[in-house]
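One structure is given below, encoded as structure tokens.
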Protein chains: 2
Amino acid sequence: MASDDPRPLTLRDVSEASGVSEMTVSRVLRNRGDVSHATRERVLEAAKTLGYVPNKIAGALASQRVNLVAVIIPSLRNMVFPEVMAGISGVLEDTELQPVVGVTDYMPEKEERVLYEMLSWRPSGVIVAGLEHTEASIAMLKASGIPVVEIMDTDGKPIDCAVGISHRRAGREMARAILKQGYQRIGFMGTKMPLDHRARKRFEGFTEALAKEGVEIVTQEFYSGGSALAKGREMTRTMLEREPELDFLYYSNDMIAAGGLMELLDQGIDIPGQIGIAGFNGVELLDGLPRQVATMDACRTEIGTKAAQVIAARVENPDAEIERIMELTPRISYGDTLKRR
Amino acid sequence: MASDDPRPLTLRDVSEASGVSEMTVSRVLRNRGDVSHATRERVLEAAKTLGYVPNKIAGALASQRVNLVAVIIPSLRNMVFPEVMAGISGVLEDTELQPVVGVTDYMPEKEERVLYEMLSWRPSGVIVAGLEHTEASIAMLKASGIPVVEIMDTDGKPIDCAVGISHRRAGREMARAILKQGYQRIGFMGTKMPLDHRARKRFEGFTEALAKEGVEIVTQEFYSGGSALAKGREMTRTMLEREPELDFLYYSNDMIAAGGLMELLDQGIDIPGQIGIAGFNGVELLDGLPRQVATMDACRTEIGTKAAQVIAARVENPDAEIERIMELTPRISYGDTLKRR
DNA sequence: TTGAAAGCGCTAACAG
DNA sequence: CTGTTAGCGCTTTCAA
């Protein structure tokens, strides 16, 4: 609370205070059409002293334009998504568009609800993580008639268009890199994946590429919830007790890989001589660790940037041709934990 | 893109498809007022098959109610804020209200812009980080006539009400705890603080409490940007080269403290015997480190929860009495790096 | 360069 | 229980 006047200011108030028609006030406030310098100043003055804040609800209804872009992601706690957001915001800041975030917690039904909620504000575009959605979600997106960019993943069929990396390929490439260094007895650790399709696809690609060389994962371990660092530690300990012969540990994300690194160092294990490790994501956060953990860049910021550019371009020119799948190329960073000397 | 029909569906379409008046359709879709079971079913059926998504823009304009809560925070990359968000979302999910996030990047002018932008959607309430705002921002918030909760900090005068902790007191308490363990030659590391008022207040409280015991910080170091872990490491190294006699390092956040820990361990320094360390925030993330770093809980989730509850309560009952300042109590966690045995 | 009229799609308020 | 009427605050369109 604050002001005693319960009624927010309207264009009419500014109109009356400045002695200029509502229409002209509207023009001034939106920088549209020609308005004489004098009138312009008078309006601006009045708006400022009154403290007028335009009502976008009314504006949007009248103009049938809403400069919002719905961005729907699984979580904000996973460092990946704030970085994607940063990419998106960076681009949209130079346009009229504004991102609005919705979080799904990796739950398809929640995604559906959030989507419904956001679409009911009639945004100019949608950026949504992943290619897997409920039927209803897909139907809504199709019916919305606005540009839809599915991000992060390109292994599948986009509703409209997609910007991301192939996680299957990422898994395969990591597998090849590991084998190439001569590692053979490989363990895998990751999240419980029923709903994290990208982690699942990486895993599939990984095992597939191993299989091609006649190698099978020796053992695996999954977690959910808790501190990723601590979980990485625990799982690593458990796994090594069970399978002391392991010579490589592949982690589905960098945080658990960091935990694993801690555990291995504690145990005095030679990295990468006795055991090599690798994670996924390329999070900058890990830079200060005792070893630079091998990882693979997920192109997070770039995905955000590209997705936002696509939306902005389509809003500008709805009839432009569209590229259905934009696949970026993640790079392996070998760090100090994958290269056997 | 998707559908060929450029015109989104309206209530009228559902009305026609179901043979029920727009008004009744509206009632069904909002679960308001009594509608016979039969009509209800017919409407729902029609809405579903058509794939109707209500237009909240129009709804909000007509009803003069917007179930949005603007949440304005400095950054999403600082783990603290996603956790606050989680607290907020948790509470708002049980209400009609929905959080909408705006990010300021710690810049007052950007905060002003974001605020203006968000207020123009006429939200039902505002949750904004910090007590320091531009004059214009304060004026806007006061004039908005909606509940405003300033979060994270209670050292100052809230516009409407505040939920947070006293960072000054937090700094003081950490100083006392450190002195009590017999540490005397203390170094400080943190972000460059011109715009991070909470870090600044902690620092002030810290030095103040030291001063009261006749102790002064031996040396200090500030950083900005980059990987916090790596920066913590670097600064620690630099600082120890400069002042080898230090016996305690106080870091303004847990990530740089973790980096410092890495460096100290690397150097084979006895923690907490030779040098003790402490950070701030209580981020769960650190659980798997080789030592549990001493820290102080910033009550992040709780702040989010409480702030959302306040907004929800005020939206329910605008005339309820308000508690201006809700100060939570952070607890020191000693971990393994502050207790001298 | 300015103004007047007519809605945007929905809901409050009131009748029936 | 259902329908009718009259806007919400702004912008589009057209006229002056």
Side-chain angles (χ1 to χ4, degrees), chain A residues 5-44 46-47 50-67 96 117 119-124 144-145, chain B residues 5-44 46-47 50 52-68 96 117 119-124 144-145:
Chain A
D5 185 351
R7 185 182 59 78
L9 295 165
T10 70
L11 216 42
R12 160 172 245 126
D13 296 307
V14 183
S15 165
E16 283 169 1
S18 63
V20 175
S21 79
E22 282 186 46
M23 197 50 239
T24 301
V25 171
S26 166
R27 286 196 184 97
V28 171
L29 265 22
R30 284 176 301 144
N31 283 311
R32 283 258 192 308
D34 294 322
V35 179
S36 76
H37 187 72
T39 337
R40 173 178 199 71
E41 289 302 300
R42 250 192 314 151
V43 169
L44 254 20
L50 288 177
Y52 172 71
V53 175
N55 184 333
K56 288 216 178 183
I57 302 272
L61 183 62
S63 66
Q64 305 280 65
R65 269 182 282 102
V66 181
N67 294 324
E96 299 276 71
E117 201 67 35
L119 288 179
S120 73
W121 288 102
R122 300 286 186 270
S124 294
S144 72
Chain B
D5 184 351
R7 185 182 59 78
L9 296 164
T10 70
L11 217 43
R12 160 172 245 127
D13 295 306
V14 182
S15 165
E16 282 169 3
S18 62
V20 175
S21 79
E22 282 187 45
M23 197 51 236
T24 301
V25 171
S26 167
R27 286 194 184 99
V28 171
L29 264 23
R30 286 176 299 143
N31 283 311
R32 282 264 191 307
D34 292 324
V35 179
S36 78
H37 187 71
T39 343
R40 175 180 197 71
E41 290 301 299
R42 252 195 311 157
V43 169
L44 255 19
L50 289 177
Y52 173 69
V53 176
N55 184 332
K56 289 215 179 185
I57 302 271
L61 184 61
S63 66
Q64 305 280 61
R65 266 183 284 100
V66 182
N67 293 323
L68 298 177
E96 300 276 71
E117 200 68 36
L119 287 180
S120 74
W121 289 102
R122 300 285 186 269
S124 295
S144 71

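So that the names make sense, note that chain A is the first sequence line, chain B the second, and so on, each numbered from 1.
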About how many Å separate CG of A:Asp13 and CD of A:Glu22, when rounded to the nearest 0.5 Å?
9.0 Å
Within-4.5 Å side-chain heavy-atom neighbours: A:Val53 and B:Arg122:
yes
C:dT2 phosphate, OP1 or OP2: any side-chain N/O from A:Thr39 under 4.0 angstrom?
yes
Minimum heavy-atom distance B:Val66-B:Ala60, with the two atoms named
CG2-CB, 3.8 Å
When the C1' atoms of the five terminal pairs at each end define the local axes, what inter-axis angle does the helix from C:dT1-D:dA16 to C:dG16-D:dC1 show, to 10 degrees?
30°
Spacing of CD belonging to A:Glu16 relative to OG1 belonging to A:Thr10, to within rounding of 0.5 Å
7.5 Å
Distance from A:Ser63 atom OG to A:Arg30 atom CZ, nearest 0.5 Å?
8.0 Å
Which parts of nucleotides 7-13 of chain C does protein reach within less than 4.0 Å, heavy atoms only, written one letter per nucleotide 5' to 3' as B for base, S for sugar-phosphate only and - for none?
BBBBBBB
A:Leu44 and side chain to side chain contact (heavy atoms under 4.5 Å, CB included): which single residue from A:Val14, A:Thr39, A:Leu29, A:Val25 fits?
A:Leu29
Distance, nearest 0.5 Å, that separates CG of A:Asn55 from CD of B:Gln64
8.0 Å
When rounded to the nearest 0.5 Å, the distance separating CG of A:Asp34 from CZ of A:Arg40 is 10.5 Å
Terminal contacting nucleotides, 5' and 3', DNA chain D versus chain B (heavy atom, 4.0 Å)
D:dC1 to D:dG9
